[in-house]
**Student:** 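Sharing a structure below in structure tokens format, with a few things to ask.
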Amino acid sequence: MGYKTIIEDGIDVLVAGAGLGGTGAAFEARYWGKDKKIVIAEKANIDRSGAVAQGLYAINCYMGTRFGENNPEDHVRYARIDLMGMVREDLAFDMARHVDSAVHQFEEWGLPIMRNTKTGAYLREGRWQIMIHGESYKPIVAEAAKRSADKVFNRVCLTHLLMDEAKENRVAGAVGFNVRTGNYHVFKSKTVVCGAGGASNIFKPRSVGEGAGRVWYAPWSSGSAYGLMIEAGAKMTQMENRIVLARFKDGYGPVGAYFLHLKTYTQNAYGEEYESKWFPELQERVGIEYLDPEASHTTHRPIPTCLRNHAIISEVNAGRGPIHMVTMEAFQDPHLEEIGWHNFLGMTVGQAVLWAATDVDPKHENPELTTSEPYVMGSHATGCGAWCSGPEDVSPEEYFWGYNRMTTIEGLFGAGDAVGGTPHAFSSGSFTEGRLAAKAACKYIDDGKAEGIRVTDAQINRRKEQIYKPLETYKVYSNEVVAGSVNPNFHNPRQGLDRLQKLMDEYCGGFGVSYMTNDKLLNIGLKKMSILGEDLEKIAASDIHELLRAWELKHRFLTSEAVFHHTLFRKETRWPGYYYRGDAMKLDDENWHVLTVSRRDPQTGEYTMEKAPLYHLVGDIEDKDLARLKAQGHH
Amino acid sequence: MPTFVYMTRCDGCGHCVDICPSDIMHIDKTLRRAYNIEPNMCWECYSCVKACPMNAIDVRGYADFAPLGHSVRVNRDEEKGTIAWRIKFRNGKKDMDLLAPITTKPWGTGYPNLSEAAAPSKEVRDSELLFNEPKYVRMDEGGLHTLESNGLQIKEGVYY
């Protein structure tokens, strides 16, 4: 093949993927490991990579304890109710108590954070969100990571984790290839912090053809966090908890600042308020403890994101779509109008492009909203990811095995989308998780737990052969036919992706079936997935760029398979509006007030599923508020 | 497209190739100019547009839902610490100039030198604190939150 093998040996902390999670890890690792060798391997360019590549107009997770605004436990309650009870509260509390220090550092590094001129506090978009001029958020944060790392390998796509051959179930680094030179890269490392991304593009997107890249979450987020960890045999949790977003139609522009700061609201095609009329029936299905609009109004207890989606989906299915965002009132204020546009330009330029192209001026016309295709991720309003250890002073026994954010594989740590059960971390929380993971990784090494790592040439060579196989397949079979993209012996990565997306959409609850599935559909889907898995062994890449797409597809496939197994296992509809199990439409707290955990056997590919206990670490003040309301005769 | 490159402006410098998060800006081997090799994996993130020193890259909205005839141009200036946008609507009725800051200090300043920071003590290592904490949590001398300090206790797990 002619590609060089480049071995980077003696690494202490390998940061796999340098979005907000990975940059946090690289930055912090230098403080706790002054003499340690810290190396970053990033698929793109660290200056503009990950979900924050094009910027953010808000930091969505900030407590504001310095301004007396919130305490960490308040955030745990918020995340818990938003996810219908399913949160790893130890991890959420831990992230929340550290997150402000990350944000304060961002400000020191030059990130422009808006301030409330009256109070001096950061300008809030909502209780948890602060507003920033964040076009350069990623380059600013990346600079901190670059200053900490010994080496940054840009354009190296990691495909597999290396496993220690001296000790079972211990990580020993990672391998991948340079997407420009094609060279094979081997990173032998004592620990790995997996900061890779969640998965866009595993469900068929609403956009088609040229527009297929217009998805809500970055198209380069290829589920590598999950692909890498699942393949190595890490336990995963909450992979059924995929997210569907309500966003401006087609452009997927953010709605947070519109709702919270600009005070816009939604209505159906006939100008009616529609949300509340779907809630009584839904309340029957999920219970008043999860949906109490009156309590939401009087306390800070939110209506869960998925349930608001449910109202949109139901109203549209009832024939009263589209749903509109009422912007015409707020946009009469020139200041708010400017904020509305900046909000897009800072993080979703495509929405501004769309409105300019279609002459939709929100000052004079209320734009359409829609619900997106589902995504699998762990840091927005959803908590997919690895089953990780929590911090010593907070975690109950079942959640604690010594090192914060360590997965069930020794020496393998997670941050951002990689950590399961920690929704609502967003950018600042992901960075914080990276910091926590890096400190723990350094401690793991200092405790002598990473001694005697052994990686043989046999393992390195086996992975090399596997990684370049799609190029070989192409070389062997491409000349059998004249030309074109149709070959009886292989699929190219795009064809494989189209097949995966169609399968996920139709059998696993995509937008095409109004997010509905059942045990029959899931079982048929799994059978088809297994055949797709066989065909992915024959995927062909005509060049290095296609080889990148081939491995992204394989990571997406592993992620999707986990989503199937988890969705089948949880026999209830826990998150109406994210997905529905048609055969188990009711939320079933008696049997399913638990976290789901899976493990894929690296040798056989077989899945085992289990339930894990759900601990509530913080009391529910909302219960007290509810009791008070009832005493006052509101119920 | 969504991004495309004006043939006469591009000098093939490769800044866009260097920065594209989706690995889709490449240099055409014959023409020695950049182009988008995979429009359906483009996020319209504008990273390449902002990076192009020749202003040779632009974006045309996705063909499946965006009509022709609009423009959203950008000029990102690290020295001035600003980003300037100009949005022109298709019907010509709206033409907006917007300006925002991208940083509050000169690029590359304001970062701590961690390798020169005092080595953390064993006590700090064994604690739950991160770099610059507890001060940086509250910007005062207050401590880090614990379950105990916040009057919390673990409630029982649920396991069916």
Side-chain angles (χ1 to χ4, degrees), chain A residues 28 30-31 34 44-45 48-49 53-54 65-66 71-73 97-98 100-101 104 108-110 112 133 135-136 144 147-148 179 207-214 218-220 250 341-342 345 349-350 352-354 356-357 359 361 391 393-394 396 435 548 591 593-594 613-618, chain B residues 18-19 21-23 39-47 59 61-67 70 72 83 85 87-91 94 96 98 100-105 108 110-111 114-115 117 119-120 125 128 130-133 136-139 144-147 150 152 154-155 157-160:
Chain A
E28 190 78 16
R30 178 54 68 215
Y31 179 66
K34 279 194 193 314
N45 181 329
R48 294 276 182 190
S49 66
Q54 69 177 303
T65 47
R66 78 186 273 192
N71 278 332
E73 60 270 25
R97 67 177 167 175
H98 290 286
D100 284 10
S101 75
H104 299 152
E108 275 198 1
W109 300 343
H133 287 289
E135 188 279 333
S136 293
R147 283 163 186 257
S148 278
V179 306
S207 302
V208 296
E210 180 192 278
R214 175 80 317 246
W220 49 83
D250 294 332
W341 283 97
H342 273 305
L345 300 172
V349 190
V353 173
L354 173 67
D359 296 331
D361 182 351
D393 67 332
V394 174
R435 298 177 66 194
L548 165 69
N591 295 301
H593 196 75
V594 291
L614 184 65
Y615 284 98
H616 295 303
L617 300 183
V618 304
Chain B
D18 181 49
I19 203 68
S22 199
D23 191 43
N40 61 8
M41 288 298 272
C42 178
W43 208 31
E44 288 185 355
C45 75
Y46 272 65
S47 294
V59 171
Y62 299 103
D64 58 332
F65 51 75
H70 56 282
V72 176
I83 187 155
W85 297 90
I87 304 174
K88 288 186 184 174
F89 272 54
R90 181 173 189 263
N91 60 12
K94 194 141 184 152
M96 287 185 290
L98 294 148
I102 58 172
T103 181
T104 57
K105 43 188 76 167
Y111 295 93
L114 291 183
S115 57
R125 277 179 186 276
E128 297 296 331
L130 296 175
F131 169 66
N132 257 341
E133 288 182 352
Y136 265 55
V137 175
R138 296 171 18 171
M139 306 307 276
L144 192 69
H145 297 267
T146 63
L147 288 182
N150 291 12
L152 303 168
I154 295 174
K155 290 165 76 179
V158 186
Y159 208 164
Y160 298 95

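First the proteins, then the strands, lettered A, B, ... as listed; each starts at 1.
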**Student:** Within a strict 4.5 Å, meaning less than it, do heavy atoms of the A:Y31 and B:P120 side chains meet?
**Tutor:** yes

**Student:** Please look at B:L98 and chain A and tell me whether the side chain, the backbone, both or neither of the residue comes under 4.5 angstrom of a heavy atom of that chain.
**Tutor:** both

**Student:** Let's test your reading of the structure: which of B:N91, B:I83, B:V72 forms the most heavy-atom pairs below 4.5 Å with chain A?
**Tutor:** B:N91

**Student:** Answer with side chain, backbone, both or neither: which region of A:R147 has an atom nearer than 4.5 Å to a non-hydrogen atom of chain B?
**Tutor:** side chain

**Student:** Go through the atoms of B:W85 and report whether side chain, backbone, both or neither lie under 4.5 Å from a heavy atom of chain A.
**Tutor:** side chain

**Student:** Mark yes or no for whether A:S49, through its side chain, and A:A44, through its backbone, hold a donor-acceptor pair below 3.5 Å.
**Tutor:** no

**Student:** Taking the side chain as every heavy atom from C-beta outward, state whether B:P67 and B:R90 have any pair of such atoms under 4.5 Å apart.
**Tutor:** yes

**Student:** Please classify the contact between A:L345 and chain B as side chain, backbone, both or neither, with a heavy-atom cut-off of under 4.5 Å.
**Tutor:** both

**Student:** Answer whether the closest heavy-atom distance between the side chains of B:D64 and A:R214 falls below 4.5 Å.
**Tutor:** no

**Student:** Specify the closest pair of heavy atoms between A:R97 and B:T146, including all atoms of both residues, with the distance to one decimal.
**Tutor:** NH1-CA, 4.0 Å

**Student:** Heavy atoms only, distances under 4.5 angstrom: which of B:A66, B:G110, B:A119 has the most pairs with chain A? Name it, please.
**Tutor:** B:G110

**Student:** Look at B:E128 together with A:R435 and state whether they make a salt bridge at an N to O cut-off of under 4.0 Å.
**Tutor:** no

**Student:** Side chain, backbone, both or neither: which part of A:H342 has a non-hydrogen atom closer than 4.5 Å to chain B?
**Tutor:** side chain

**Student:** With chain A, which of B:K105, B:R138, B:K88 has the greatest number of heavy-atom pairs at distances under 4.5 Å?
**Tutor:** B:K105

**Student:** Please classify the contact between B:F65 and chain A as side chain, backbone, both or neither, with a heavy-atom cut-off of under 4.5 Å.
**Tutor:** both

**Student:** Using a cut-off of under 4.5 Å on heavy-atom pairs, state which of B:E133, B:M96, B:M139, B:H145 scores highest against chain A.
**Tutor:** B:H145

**Student:** Tell me, for A:S207 versus chain B, whether the close heavy atoms (under 4.5 Å) come from the side chain, the backbone, both or neither.
**Tutor:** both

**Student:** Is B:K94 close to chain A through its backbone or its side chain, or both, or neither, when contacts mean heavy atoms under 4.5 Å?
**Tutor:** side chain

**Student:** Please determine, among B:T104, B:L130, B:I87, B:N132, the option with the most heavy-atom pairs under 4.5 Å with chain A.
**Tutor:** B:L130

**Student:** Please check if the side chain of A:D100 supplies one atom and the backbone of A:T65 the other of a donor-acceptor pair under 3.5 Å.
**Tutor:** yes

**Student:** Do side-chain atoms of A:E73 reach the backbone of A:V618 as a donor and acceptor pair under 3.5 angstrom?
**Tutor:** no

**Student:** Please name all residues satisfying side chain to side chain contact (heavy atoms under 4.5 Å, CB included) with B:D23, sequence neighbours left out, ordered by chain then number.
**Tutor:** A:R155, A:V179, A:R180, A:H545, A:L548, B:H26

**Student:** Got a sec, which residues hit ring-ring contact (aromatic ring centres under 6.0 Å, His included) with A:H104, two or more places apart in sequence or on another chain?
**Tutor:** A:Y62

**Student:** For chain B, find which of A:P391, A:A144, A:G213, A:S148 contributes the most heavy-atom pairs closer than 4.5 angstrom.
**Tutor:** A:G213

**Student:** Is it the side chain or the backbone of B:I19 that comes within 4.5 Å of chain A heavy atoms, both, or neither?
**Tutor:** both

